[in-house]
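To start, the structure itself, in structure tokens.
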Amino acid sequence: MSVEINSLLHAGYSHPLFREWQATRSITKSALMYPIFITDVDDAKEEIPSMPNQFRWGVSRLQEFLGPLVERGLRSVILFGVISDSSKKDSCGSMADSDECPVVKAVKVIRKLFPDLVVACDVCLCEYTSHGHCGVLYDDGSVNNAKSVERIAEVSGNYALAGAHIISPSDCMDGRIKAIKSKLMELDLSHRVAVISYSAKFASGFFGPFRDAAGSAPSFGDRRCYQLPMNARGLARRAILRDLREGADGIMVKPGTPYLDILAEAARLAEDYPISTYQVSGEYAIIHASAKAGIFDLKQHVMETMHGFMRAGASLVLTYFTPELLEWLDN
């Protein structure tokens, strides 16, 4: 058989260790961030029906919940607040950073219980507003960007004062990264609180289970005027570059699997920055449902998605599969 020597590839991945060497980025425990829901019911452990094995946790149960995961190698979490009593919600999301905010309380508890665990706070108003939108609204129901940015920066500052290591705004308002950075400078916290921006966040149907879990669905309309259109590669590029210019310490692409091309684009545009992606609730639910139906093996498919994220350029993955991955990476 006549063949070019340089076309013989099989030997280079004939051994399991050789196959590991083919990775541009390896999946490690430090590359995983666990998104968790913190409810205002302090002793709660509430099942989330649309998200198997996920719960809303009260702050008094965080030791029970996080202790085993930290022992297994959990390095970072991102917190989302859940307000069970809708009467506590108002037009400007006052509960988002009040002393009774579950996120503010959880940051303080986690920092005390697990001083080496990195704590990120998602910053948005949708979980706390009576209308369910991500900002402050005009009387006609459209978003008041200036007032929204002012409020988002205020909430970010209070999360930083509570002890958050990372502020991660997901509201998609124009100019909020500059405002948050300015607020952190004003509070003399800019040297130790990072900002990882949801820069390329698309108006996605994959967010459905999350909105049930967090009680954050809008009461009218939708979010298509501030989250990106699903076909918007150019807008995603512009949003990423905007946030980098405004001082973001890292950027995020959300959702993950349907937007691997945007993730790869982000890695090129921001090659000197950490790049994160969020494997969102809908992705999680679909994988679980398919595995339960016997369509594929859960571990194999989850690992394949992780390799896809890392191959596309991610250095950090936010995933609800973090507990399983912490175990699988030991084996």
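Side chains included, hydrogens not; waters and symmetry mates left out as well; all remaining heavy atoms used.
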Taking [X] for the side chain and [Y] for the main chain, is one N or O donor matched with an acceptor at less than 3.5 Å?
X	Y	result
Thr322	Leu32	no
Arg56	Ala213	yes
Glu283	Pro255	no
Arg176	Ile152	no

- [ ] Just do the side-chain contact (heavy atoms from CB on, under 4.5 Å) check on Leu69 and Phe65 with the steps written out, would you?
- [x] CA-CA 8 Å; Leu69 298 177; Phe65 168 44; 4.0 Å; yes

Open item on the list: Within the 3.5 Å criterion, strictly below it, is a donor on Ser84 or Asp40 matched to an acceptor on the partner's side chain?
Closed with: yes

- [ ] State, without any angle test, whether Thr28 and Ser30 hold a side-chain donor-acceptor pair at a distance under 3.5 Å.
- [x] yes

Which atom pairs, donor and acceptor, lie under 3.5 Å between side-chain atoms of residues 109-126 and protein residues at least two apart or in another chain?
residue	atom	partner	partner atom	Å
Arg111	NH1	Gly163	O	2.5
Asp122	OD1	Ser170	OG	3.3
Asp122	OD2	Ser170	OG	2.9
Asp122	OD2	Tyr198	OH	2.8

Can you see which heavy atom on [X] is nearest to which on [Y], and at what distance?
X	Y	result
Met252	Ser168	CE-OG, 3.7 Å
Ala266	Ile275	O-CD1, 3.8 Å
Thr319	Pro35	O-CD, 3.3 Å
Arg224	Ala203	CG-CB, 4.0 Å
Leu263	Phe309	CD2-O, 3.6 Å
Gly81	Val103	N-CG2, 3.4 Å

Atom [atom1] of [X] and atom [atom2] of [Y]: how far apart are they, to the nearest 0.5 Å?
X	Y	atom1	atom2	answer
His165	Ile196	NE2	CD1	12.0 Å
Thr39	Ile83	OG1	CD1	7.5 Å
Met173	Asn144	CE	CG	9.5 Å
Ser281	Phe206	OG	CZ	10.0 Å
Ile251	Leu244	CD1	CG	6.5 Å
Lys89	Glu127	NZ	CD	8.0 Å

- [ ] List the steps, then state whether side-chain contact (heavy atoms from CB on, under 4.5 Å) holds for Lys29 with Leu326.
- [x] CA-CA 6 Å; Lys29 294 181 180 182; Leu326 292 173; 3.8 Å; yes

[Y] reachable from [X] in the ILVMFWY side-chain graph, under 4.5 Å edges:
X	Y	value
Ile177	Ile78	yes
Leu62	Leu74	yes
Met185	Ile167	no
Val136	Tyr226	no
Leu329	Trp21	no

Are [X] and [Y] packed together at the side-chain level, in the sense that at least one heavy-atom pair is separated by less than 4.5 angstrom?
X	Y	answer
Phe202	Gln227	no
Trp328	Val302	yes
His307	Ile27	yes
Pro169	Ile180	yes
Lys105	Asp42	yes
Phe321	Ile287	yes
Ser156	Leu184	no

Open item on the list: side-chain contact (heavy atoms from CB on, under 4.5 Å) for Glu46 and Phe37? Distances and angles first, verdict last.
Closed with: CA-CA 10 Å; Glu46 301 168 354; Phe37 299 98; over 6 Å; no

Task: Lys201 to Tyr278 six-membered ring, cation-pi geometry met (6.0 Å, 45°) - done: no

TODO: Using a strict 4.0 Å threshold on nitrogen-to-oxygen distance, state whether Lys181 and Asp243 make a salt bridge.
DONE: no

- [ ] State plainly whether the residues Asp330 and Arg72 are in salt-bridge range, i.e. N to O under 4.0 Å.
- [x] no

Are there over 12 heavy-atom neighbours, none belonging to [X], within less than 6.0 Å of that residue's [atom1]?
X	atom1	result
Lys178	NZ	no
Lys147	NZ	no
Asp140	CG	yes

Can you give the donor-acceptor pairs under 3.5 Å from side chains of residues 93-102 to other protein atoms, not counting sequence neighbours?
residue	atom	partner	partner atom	Å
Ser94	OG	Asp90	OD1	3.4
Ser94	OG	Asp90	OD2	2.5
Asp97	OD1	Arg151	NH1	3.4
Asp97	OD1	Arg151	NH2	2.8
Asp97	OD2	Arg151	NH1	3.2
Asp97	OD2	Asn158	ND2	2.7
Ser98	OG	Glu100	N	3.2
Ser98	OG	Cys101	N	3.3

Open item on the list: Working note: Glu47 + Phe55, criterion side-chain contact (heavy atoms from CB on, under 4.5 Å); need CA distance, chi angles, decisive distance, verdict.
Closed with: CA-CA 5 Å; Glu47 185 177 359; Phe55 301 86; 4.0 Å; yes

Open item on the list: Can you tell me how the ring of Tyr284 sits relative to the ring of His288, calling it parallel under 30°, perpendicular over 60° and tilted otherwise?
Closed with: perpendicular

Would you be so kind as to tabulate the donor-acceptor pairs closer than 3.5 Å made by side chains of residues 231-238, with sequence neighbours excluded?
residue	atom	partner	partner atom	Å
Arg233	NH2	Glu265	OE1	2.9
Arg237	NH1	Glu265	OE2	2.0

TODO: Kindly say whether the aromatic ring centers of Phe80 and Phe210 come within a distance under 6.0 Å.
DONE: yes

